[in-house]
Amino acid sequence: MKLGLKLGSLFQRDTGYSPATSRAVRRLSAPASHQNAELDGLLIWSAVALLLFGWVMVYSASIATAEGLAYTGHQSTYYLVRHGVFLAIGAVVGLVAFQMPMRSWQQLSPHLFIGGIAMLALVVVPGLGREVNGASRWLPLGPINFQPSEAMKLFVALYAADYTVRKLPYMQSFKRAFLPMAGVILLVGFLLLAEPDFGAFVVITAIAFGILFLGGINVRVFVLLAAVAIVGFVLLIWASPYRRDRIFGFMDPFEDAFGKGYQLSHALIAFGRGEWFGVGLGASVEKLFYLPEAHTDFILAIIAEELGLVGVLVVIVLFAILVQRAFAIGRRAIDLERFFPGLVAQGIGLWLGVQSFINMGVNMGLLPTKGLTLPLMSFGGSGIVANCLALAILLRIDWENRQIMRGGGT
């Protein structure tokens with residue numbers, strides 16, 4: 001609600017900064033070493049550490065798979081090289097995106113969102129989408145496959161932030177604030193479930209309605225929304241036999257260790273073998289065709305096996321720092337009455353936090369098995385590029401905040 005009141009001041013001024021903004025600038029400009037830098041060092045180094053650590057672990061987790069598959073040419077470095085190319089593309093895209101001011105992203109946000117919906121629709125058109133393991137989630141673009149749902153997570157964060165700012169006078173209204181957003185998210189959900197990609201639907205829903213909550217939506221409406229969402233997710237799970245099997249497999253994976261509990265049982269074995277300090281980098285047994293998707297969805301299990309509890313804790317701490325800095329940058333932007341950038345930063349924090357939490361929970365057996373990658377670390381070109389783009393936007397918000405605090409424009 002405090003954020004909603006702060007956002008309300010957006011509609012109470014004509015030009016220049018309000019007295020509250022001037023006080024915020026003076027307070028945030030107090031002498032501090034990290035504020036003298038151009039960018040947030042903790043954000044940069046935690047993100048770089050996760051990206052490079054992920055590159056190393058993708059190589060370690062994929063060596064056996066790459067050597068055993070014909071389409072890789074039996075080259076052990078196949079996934080290492082491709083992941084490096086995706087990182088390079090992500091870096092270039094990020095550098096370009098960083099040059100764009102946030103007002104341009106706000107103007108583009110509705111068009112990006114509509115474009116994302118169009119791409120999700122193309123994926124489910126027979127003959128256009130590429131099917132892998134029974135799911136059609138990719139658009140073939142020459143030598144690479146593009147996954148629109150990864151880009152859609154960022155587009156939803158941008159659109160929901162812009163929507164919240166535009167609808168601020170009506171944020172207490174169920175009909176005018178909640179229903180329109182619920183309608184478009186249901187459309188996105190329908191397209192994602194047609195692929196199917198239930199995990200992406202959960203993350204996108206969390207991003208969209210999390211931003212609405214941060215923007216000051218009526219608390220009773222939000223509680224009602226949460227209750228309806230939980231019931232809806234339960235019904236979606238119960239209506240789908242394969243999702244239902246995953247729930248039962250999650251409850252006791254070793255009851256059917258060669259069937260519905262296969263992935264989770266081998267992930268837990270990997271965690272158990274790793275103990276405190278792991279069996280050593282590259283020495284995993286589970287990656288030798290026992291644990292499916294070792295270099296994508298279950299890369300954390302390989303980290304646990306090879307580097308132990310210590311390696312897993314390092315990953316958790318790095319993600320915690322990254323999410324904390326995203327929310328801190330968002331709060332600073334809102335203190336400076338930069339409401340769209342502030343909500344975008346916190347939306348990106350929600351995205352990375354929710355998705356990493358779900359992936360880690362699945363790997364540890366705390367949540368039912370779900371096909372979600374670990375952001376910044378798992379193999380996957382679309383995910384890595386989308387993550388790098390989101391980080392660039394986050395850094396741009398931080399840079400603009402610092403320029404304002406120094407008395408400059410954006």
Side-chain angles (χ1 to χ4, degrees), residues 7 10-11 39 43 47 89-123 139 141 146-168 177 180-181 183-185 187-189 191-192 200 203-212 214-215 326 329-330 332-334 336-352 375 381-404 409-410:
L7 288 171
L10 175 66
F11 299 92
L39 293 169
L43 173 64
I89 294 172
V92 172
V93 169
L95 287 172
V96 173
F98 182 78
Q99 308 305 316
M100 289 180 58
M102 288 309 299
R103 60 178 176 272
S104 297
W105 285 109
Q106 185 170 10
Q107 293 166 356
L108 286 172
S109 59
H111 307 290
L112 292 172
F113 185 72
I114 293 171
I117 291 176
M119 288 188 292
L120 289 177
L122 289 176
V123 166
L139 288 173
L141 301 175
F146 174 65
Q147 190 172 358
S149 60
E150 292 293 338
M152 196 62 181
K153 294 168 187 173
L154 176 59
F155 297 164
V156 164
L158 293 167
Y159 177 75
D162 177 57
Y163 175 90
T164 300
V165 172
R166 287 188 286 109
K167 293 285 186 177
L168 188 62
M181 177 60 76
V184 295
I185 294 302
L187 173 60
V188 172
L191 294 172
L192 288 170
V203 173
I204 284 174
T205 301
I207 294 168
F209 293 114
I211 289 176
L212 280 182
L214 292 169
I329 290 168
R332 183 179 297 174
I334 289 166
L336 296 171
E337 296 186 2
R338 304 181 64 239
F339 304 115
F340 172 75
L343 290 173
V344 169
Q346 294 183 339
I348 292 172
L350 279 171
W351 166 17
L352 298 177
S382 302
I384 287 294
V385 173
N387 294 159
C388 289
L389 179 57
L391 289 172
I393 293 174
L394 195 54
L395 287 170
R396 177 71 194 195
I397 296 169
D398 181 47
W399 183 83
E400 290 185 0
N401 286 346
R402 292 167 189 258
Q403 296 307 304
I404 291 174
T410 59

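Quick caveat, the model's predicted, so the values are computed rather than measured. Numbers here simply count residues along the sequence, with the first being 1.
Atom CD1 of Ile348 and atom CD1 of Ile211 lie 8.5 Å apart (nearest 0.5 Å). Taken to the nearest 0.5 Å, the NZ atom of Lys167 stands 9.5 Å off from the CE atom of Met181. Distance CD1/Ile204 to CZ/Phe155: 10.5 Å, rounded to 0.5 Å. Rounding to the nearest 0.5 Å places CG of Leu122 at 12.0 Å from CD1 of Ile117. Atom CG of Leu158 is separated from atom CE of Met102 by 6.5 Å, given to the nearest 0.5 angstrom. Atom OH of residue Tyr163 and atom OG of residue Ser109 lie 13.0 Å apart, to the nearest 0.5 angstrom.
The heavy-atom pair separating Ala161 from Leu343 by the smallest distance is CB-CB, 3.7 Å. When every heavy atom of Ala345 is checked against every heavy atom of Leu394, the shortest pair comes out as CB-CD1, 3.5 Å. For Gln107 against Pro110, the heavy-atom pair with the smallest separation is O-CD, 3.5 Å. Residues Ser149 and Leu192 come closest through the heavy atom pair CB-CD2, 3.8 Å. For the residue pair Pro341 and Ile397, the shortest heavy atom distance occurs at O-CD1, 3.2 Å. Considering all non-hydrogen atoms of both residues, Leu120 and Pro148 come closest at CD2-CB, 3.9 Å.
Side-chain contact between Leu139 and Gln147 is absent, with no heavy atoms from C-beta onward closer than 4.5 Å. Taking 4.5 Å as the limit, every side-chain heavy atom of Trp399 sits out of range of all side-chain heavy atoms of Arg402. For the pair Leu350 and Leu214, the minimum side-chain heavy-atom distance is below 4.5 Å. Considering only heavy atoms from C-beta on, Ile393 comes within 4.5 Å of Trp105 through its side chain. Within the 4.5 Å cutoff, the side chain of Ile404 has heavy atoms near those of the Arg338 side chain. Counting heavy atoms from C-beta outward, Pro101 and Arg396 have side chains that approach closer than 4.5 Å.
Among residues two or more places apart in sequence or in another chain, the ring pair (Phe, Tyr, Trp, His ring centres under 6.0 Å) test is passed with Phe113 by Tyr159.
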Would you sort out whether Met100 and Leu108 count as a side-chain contact (heavy atoms from CB on, under 4.5 Å), showing the intermediate values? CA-CA 11 Å; Met100 289 180 58; Leu108 286 172; 3.5 Å; yes
Can Val344 and Gln106 be said to form a side-chain contact (heavy atoms from CB on, under 4.5 Å), step by step? CA-CA 10 Å; Val344 169; Gln106 185 170 10; over 6 Å; no
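Judged by distance alone, the side chain of Thr164 and the main-chain N or O of Ala160 form a donor-acceptor pair under 3.5 Å.
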